[in-house]
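What follows is a set of notes on a single structure, which appears directly below.
Side chains are part of it too, since the values below use all heavy atoms of this structure and drop only hydrogens, waters and symmetry mates. Here the structure is a predicted model, which is why all the values come from computation and not from measurement. Convention: sequence-line order gives letters A, B, ...; per-chain numbering from 1.
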Protein chains: 2
Amino acid sequence: MTSDTRAKMVAGAADLMSRRGVTATSMREVVRHTGTPRGSIGHHFPRGKQQLIEDALVFAGKQVSGPLEHLVQSRGAIAGLRAFIALWRQTLEKSKFQAGCPVLAVAVEQYVNDATEKDGAPDEAAQRHLLDLADGVFADWQRIMFTALRREGVAPARARRLAALVIASTEGTVAMCRAARSAQPLDDVRQELELVLSSALAKQAEVPRA
Amino acid sequence: MTSDTRAKMVAGAADLMSRRGVTATSMREVVRHTGTPRGSIGHHFPRGKQQLIEDALVFAGKQVSGPLEHLVQSRGAIAGLRAFIALWRQTLEKSKFQAGCPVLAVAVEQYVNDATEKDGAPDEAAQRHLLDLADGVFADWQRIMFTALRREGVAPARARRLAALVIASTEGTVAMCRAARSAQPLDDVRQELELVLSSALAKQAEVPRA
DNA sequence: TCCTGACTATGACGAACGTCATAACTTCAC
DNA sequence: GTGAAGTTATGACGTTCGTCATAGTCAGGA
C-alpha cells in the first residue's frame with residue numbers, strides 16, 4: 001500500500017537529518033542517498049520538504065518508542081533506560097559518531113523555506129508544527145518512562161521529573177558524544193542515571209503504604 | 001583593538017546560530033541582523049563563514065564559562081548548577097523560546113561549505129575542527145563543575161560523571177524546552193539534579209576519611 | 001486493445017547562498 | 001596636503017536550493 005519508494009525516502013531523510021541537520025538535508029541529496037527517483041518527490045510529498053521532514057520525524061519517533069515500550073513493559077524501568085541508551089550508543093558507533101538524533105535536530109534548528117515565501121512574512125505556522133511534532137515525540141518517550149516508574153511505585157510528580165531527566169540527559173549526551181567522537185559521556189551518564197532510578201525505586205519499596 | 005564591527009558580527013552570529021542553527025544562519029543575515037557592513041565580512045573573516053562560526057562558538061562558550069566559573073568558586077557546586085540552569089532559562093524566556101544553545105547547534109548539525117569545494121571531497125577537516133571546538137566548550141563547562149565537586153569532597157571518577165550528567169542533561173533540556181515552548185522541563189530537571197548533587201555531597205560528608 | 005490511473009524522468013525557474021574583485025571612504029602620521 | 005593602511009560599499013560569479021510543468025513509462029481492468 002504505502003509505496004516502497006516513499007518509505008525509503010522517509011527513512012533516508014531521517015538518517016540524513018540526524019547527520020547533517022534539517023536545513024543541510026536537501027531533497028536532492030535524499031534521493032541521491034536512497035537511490036529513489038527525483039520525480040517522485042512531488043508525487044509522494046505534495047507539500048514538499050516540510051512534509052518529508054514531518055514524516056521523517058514521526059518515523060524516527062516510532063522507531064524508538066516501539067521497541068522501548070515493548071521492552072519496558074516486559075522488563076521494567078531500569079532495563080528500559082539501559083536499552084534506550086544502548087540504542088543511541090549503537091546509532092553513534094555504527095555511524096562512527098556521524099549520526100545523532102533527528103528529533104533533536106528539529107528541536108535545535110529552525111526550518112524556514114525561502115522558496116515558498118514570496119511575501120516577507122516567514123511561515124511560522126510550519127515551524128510551530130515541526131516543533132509540536134518534535135515535542136510530541138519527546139513526550140511519547142517520556143510517557144513510556146513515566147508509566148514504567150509509576151508501575152514500580154514512584155509517585156506521579158517524581159516519576160514525571162525522572163522521566164524528563166532520562167530523556168533530556170540522554171539526548172544531550174548523544175550530542176556531546178558526537179562532538180567528542182566518543183561514547184564515554186554516554187557511559188558516564190548511564191551509570192549515574194541508573195543510580196538515580198534504582199535509588200528512587202528502592203525508596204518506594206521502603207514505604208509501600210504511606 | 002579588536003574591531004567593534006567584528007565583535008558585533010561574532011555575537012550576532014552566535015545568537016542566530018542558537019535560533020536557526022548553523023546552516024540556516026547566512027552571512028548576509030548576520031550583517032542584516034547586526035547592522036554591520038557586508039563588505040567587512042571578507043576583511044574581518046578572511047576564511048569566511050567557517051571562521052565566523054568558529055569565533056561565535058568560542059565566544060558563546062566563554063560567555064557562559066566566565067560567570068559560571070566565578071560563581072562556582074565563590075558559592076559552590078549547587079549554586080553553580082542553579083546559576084547554569086537559570087542562565088539558560090533566561091535565554092529561553094527572553095527570546096520566547098526561540099534561542100537555544102549555539103554550541104549544541106554545532107554539535108548536532110554538520111556544516112559543509114558547498115562553495116569552496118569544487119572537487120568532490122568534502123572538507124572534513126573543517127567539520128572536525130568545529131566539533132573539536134564544540135567539544136572543548138563542553139569540556140570546559142564540565143571541568144568547572146568537576147572542580148567544584150572535587151573541592152567539596154566528591155571522588156574524582158564520580159565527580160567526572162556527575163559533571164557530565166549536569167552539562168548533558170541541561171543541554172538536552174534546553175532543546176526540549178524549545179520544542180515545548182515551555183520552561184517546565186528545565187524546572188523538573190533542575191529539581192532532580194539538585195537532589196543528585198546534594199546527596200552525593202552528603203555522602204562524602206558522612207565519610208570524611210575512608 | 002485501449003484507457004486510466006499511479007508513478008517516474010527531466011529540464012527549467014527564481015531565489016538565496018558564499019565568495020571574490022574593485023572602488024570609495026575614513027583616519028592619521030608625515 | 002599627501003600617501004598609506006584600514007575599513008566599508010557594491011555588484012558580479014557560479015552553485016545549489018525547493019518547486020513546478022511537462023512528458024514519459026507501466027501496470028491492470030474494461
B:Gly48 near the nucleic acid: base, sugar-phosphate alone, or nothing, with a heavy-atom cut-off under 4.0 Å?
sugar-phosphate
So does A:Arg143 pair up with A:Glu69, basic N to acidic O under 4.0 Å?
yes
Taking the side chain of B:Arg38 as its heavy atoms from C-beta onward, which of D:dG18, D:dA12, C:dA9 lies nearest to it?
D:dA12
Which part of the nucleic acid does B:Thr23 contact within heavy-atom distance under 4.0 Å: base, sugar-phosphate only, or nothing?
nothing
Against the side chain of A:Arg28, the closest entry in C:dT19, D:dT19, C:dC17 is D:dT19
For A:Asp4 and D:dA27, give me the distance from atom CG to atom C1', rounded to whole Å.
16 Å
Spell out, as yes or no, whether a donor-acceptor pair under 3.5 Å connects the side chain of A:Glu192 to the backbone of B:Leu165.
no
The residue, A:Pro46 or A:Glu29, whose nearest nucleotide of DNA chain D is more 5′ is A:Glu29
Minimum-distance nucleotide to B:His44 side chain [options: D:dA12, D:dG18, D:dT7]:
D:dT7
Charged N-O contact under 4.0 Å between B:Asp187 and B:Arg89
yes
Spacing between A:Ile41 atom CD1 and D:dC17 atom C1', to the nearest angstrom:
11 Å
From CG of A:Leu52 across to C1' of D:dC17 the rounded distance in Å is 15 Å
Regarding B:Arg19 and B:Asp15, does a basic nitrogen lie under 4.0 Å from an acidic carboxylate oxygen?
yes
Nearest listed nucleotide, side chain of B:His43, among D:dT8, C:dG11, D:dG18:
D:dT8
Kindly say if A:Asn113 contacts the phosphate of D:dT19, meaning a side-chain N or O under 4.0 Å from OP1 or OP2.
yes
Whole angstrom value for the distance that separates P of D:dT7 from CZ of B:Arg6
11 Å
With a cut-off of less than 4.0 Å, is there a side-chain N or O of B:Ser40 near OP1 or OP2 of D:dT8?
yes
Whole-Å distance separating the CZ atom of B:Phe45 from the C1' atom of D:dG6:
16 Å
Should B:Arg128 and B:Asp135 count as an ion pair when the cut-off is N to O under 4.0 Å?
no
Taking CZ from B:Arg32 and C1' from C:dG18, how many angstroms apart are they, rounded to a whole number?
14 Å
What nucleotide, of D:dT19, C:dT8, C:dG18, holds the atom closest to the side chain of B:Lys49?
C:dG18
Between B:Thr5 and D:dT8, is there a contact of a side-chain N or O with OP1 or OP2 at under 4.0 Å?
yes
